[in-house]
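The block underneath contains the structure these notes are about, expressed in structure tokens.
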Amino acid sequence: MSEYIIRNGHVFDPVQGIKGDKKDIAVKDGKIVETSALSASAKQIDAKGKSIMAGAMEVHAHVAGPKVNLGRWYRPEDKLFDSHKTPGMTRIEGGKSIPTVFKTGYSYARMGYTFAMEAAMPPLYARHVHEEIHDTPIIDEAALPVFGNNWFMLEYLKNHEIENNAAYVAWTLNQTKGYGIKIVNPGGTEAWAWGLNCLTVNDPVPYFEITPAEIIKGLIETNEYLGLPHSIHIHGNNLGNPGNYNVTLDTLKLVEGYKAKNNFGRKQVMHATHVQFHAYGGDNWGNFESKAKEIMDYVNMEKSITMDTGNVTLDETTTMTADGPFEHHLGGLNHLKWANVDVELETAAGVVPYIYSPNITVCGIQWAIGLELALYAKDPMRCFITTDHPNAGPFTRYPRVIKWLMSKKARDAQIKAFKNSDKVVAATNIATMDREITLYELAAMTRAGPAASLGLGKDYGGLKPGMNADIAIYNINPDNMPSDPEEIEKAFSGVAYLFKDGKICVKDGTVVDNGNKRTFWVDVKVKPNKQVAHDVKEKFLKYYSVNEGNYPVPDSFAPHPYVIAVDATQ
Amino acid sequence: MKTVTLTVKQAPELYLECENITPDTFAGKKADEIAQLPAYQGKEDTTLGEYFTIAGEAGATAAETQIILKGDCSKMKYIGIKMTAGEVIVNSSTDMYTGGWMKGGKLVVKGDVHSFCGLGMEGGEFIIEGNAGNYLGASYRGDWRGMQGGIIRVKGNVGSDICTFMNGGELIVEGNADVHIATHAEGGKIVIKGNVNRRVGGQMVKGEVIVFGKIGLMMPGYKYTKDVDLEVDGTKANFAEYVGDLGERHPKRKGEPVYGKIFLKK
Ligand SMILES: [Zn+2]
Ligand SMILES: [Zn+2]
């Protein structure tokens, strides 16, 4: 394999504490190595005046599977005028908020991303998720199966049977080639099948007689019993409603008393996702306001939590979530169109188009809340940048979100551009916040932090010799930062170079190689469990529309796996 | 105003995508530059110059540019799409998406237009001297933004599903219309001088449909309210007013629900 030496660039790597120093990076056989390990034939890359970071890691996005495809089916207008092929090796790229798999892979790579986590895999439709993952070029991907409304889990945790629940989770990860435990509106999506919802952590789930708090704690215990690389990954109750920040605080506080137990260097026991949608004050849309500070005061203090922002990008987009009741509610608010899928014993999903208009005060406040979360974060290793793609905006807007985070001037310009900027300012703190995220902090929020949270910190998210050679080189010079914030957006829109597994996949913003994408999944070994084996058999006979034998994802669906083995038999 | 004349010299084997034939794209360009503008045929990237002889030159802006098309354009799609000003005159029939998302200016087609023309139109004037196909003035498939402004006038007949999701603007049809008029509409006005097959105003929230001829069958969601005198496109007449679609949601103004309306000439 090729050898490279990247010279004269400014390196930003929280793994090694390098804050923009000029340092040569050596690449050999897909790994970062000491410069002394290179032969004389190593190709030189001149990175003078540029910034070098590890490949960025997307911790939460909806990029593959039935829910995303439902959006594609019923929103042909999303790829209007996208039918032409552009010159070069790439295929036609269609879709704005729900791009095709090709556009997904290319777009992440062009922005310097090398990994994306599909945030909600319905176990029953895991095959579809893996088919799309397989067809997404360049980037590595993994998927989190959803457990927060699953009948097995509800029954085990109702009786606090952690060992059984753990055996079931391990079985499901293996069957679905999944990565970890995703929870969406715990109990609420199941309650919706009864025409109800769970809007606090104490609302009981009908029939199952269990509360969201018991589900969340039970799944934390399950996760740490198994010692998975990632923690539980939660979309809490009462998303998107004014005044929900109290429910969010109640959810976050459930980590108290728990400690991470794993061999992957992960420290948190909970990852709270798209917190922007959960940091709302007021009790109606008229007195709606930011509670980002209240949330971040707690997150800053509680080291057992990592989170991502869910930044609103002020675009027309497509919302999609396993939070079926929320989507039904949203469809009733905007009268555009609504689609819903029920996934048998496991989960559900809804899809509704949404326009975050700068002329609507609430959208402006949501925009501010997402940015405030990151700007209040004291530890950038625990607060990551997402748009909950495509829920708060398409991931292709990361360069714009980065511009807002790195430049107060850019934020002020956007505040001024709001139709009701005085109302947005009155309901938020954004106008008073001077902090500008540095390149080093950005590297933590988009690389080293997500990698550590996912339990991948040993090989990913940094540039230390021995780590995987996923490297992004940006046309931005820390010694001469642009005064025009648009230049920041431009620099992060197209990398000068992207190395994936030591191979140049993007050059000057253009895809030049499809790379060797891999599917990450977690294979957990547990003690044989007769009870769970019996329960699985029984539920498939009684309830599922498929046979147990047709449920697992065959190896051929993930032909380039990166399997993380976990031994939970001890 | 300056004029560019495009004369068809070769009919496309498939269909030619002419989204670049607009005053906005032509503005400021000379004939040889216009000839270089891309035009897809299927997946092949060709140029306008391969299919048209181009004479004259464009004005400095769209508003100062007139485009005249000569020869058979019935296999040309997207003519006049998204135009904001100026004039396009086509001396033949055209294919789908003619005048889509128009924002201003004037587009005249002297023959027929195919389906999906005038989609999501926001402004300007679109005159069709022959017949129009289906989905005239509607939204793009899946979209909720149908015709929002401007005016479309059809001298002949129109097909089905016209002005689906219409939100504003005006469509005047001097001939007859087939099924599905103003489905899901939330505004706008449709005048049909001839007869309508059936299914007028299904799931209409707001908007007006005025019919001079007969409606084959009135939808059950409509209720007769009163007779009214109206002046429509220069003609004064007495109409029966119906409100609906009663099965659909309706916004309120001053406490009273706002309905879609059908006016049927007596
Ligand atoms: Zn979510
Ligand atoms: Zn999500």
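Order of the sequence lines sets the chain letters (A, B, ...), proteins ahead of strands, with each chain counted from 1.
For residues 16-34 of chain B, a heavy-atom distance under 4.5 Å to chain A picks out B:Glu17, B:Glu19, given by residue number.
Ranking A:Lys85, A:His84, A:Arg75 against chain B, the residue ahead of the rest is A:His84, based on heavy-atom pairs under 4.5 Å. No other option in B:Lys43, B:Arg249, B:Arg141 has as many heavy-atom pairs under 4.5 Å with chain A as B:Arg249.
Below 30°, between 30° and 60°, or above 60°: for A:His62 and A:His60 the angle between ring planes is above 60°, a perpendicular geometry. Ring-plane geometry between A:Tyr280 and A:Trp285 is classed as perpendicular, the angle between the planes exceeding 60 degrees on a 0 to 90 degree scale with a lower cut at 30.
In this structure, the side chains of B:Ile262 and B:Met219 stay at 4.5 Å or more apart for every pair of heavy atoms.
Ionic pairing of A:Glu489 and A:Arg400 is present here: one or more N-O contacts between side-chain nitrogen and carboxylate oxygen are shorter than 4.0 angstrom. A salt bridge does not link A:Glu77 with A:Lys96: none of the charged nitrogens is closer than 4.0 Å to a carboxylate oxygen.
Annotation for A:Lys490: atom NZ does not count as buried by contact number, only 12 or fewer foreign heavy atoms lying within 6.0 Å. For CZ of A:Arg110, the number of neighbouring non-hydrogen atoms (other residues, nucleotides, ligands) closer than 6.0 Å is greater than 12.
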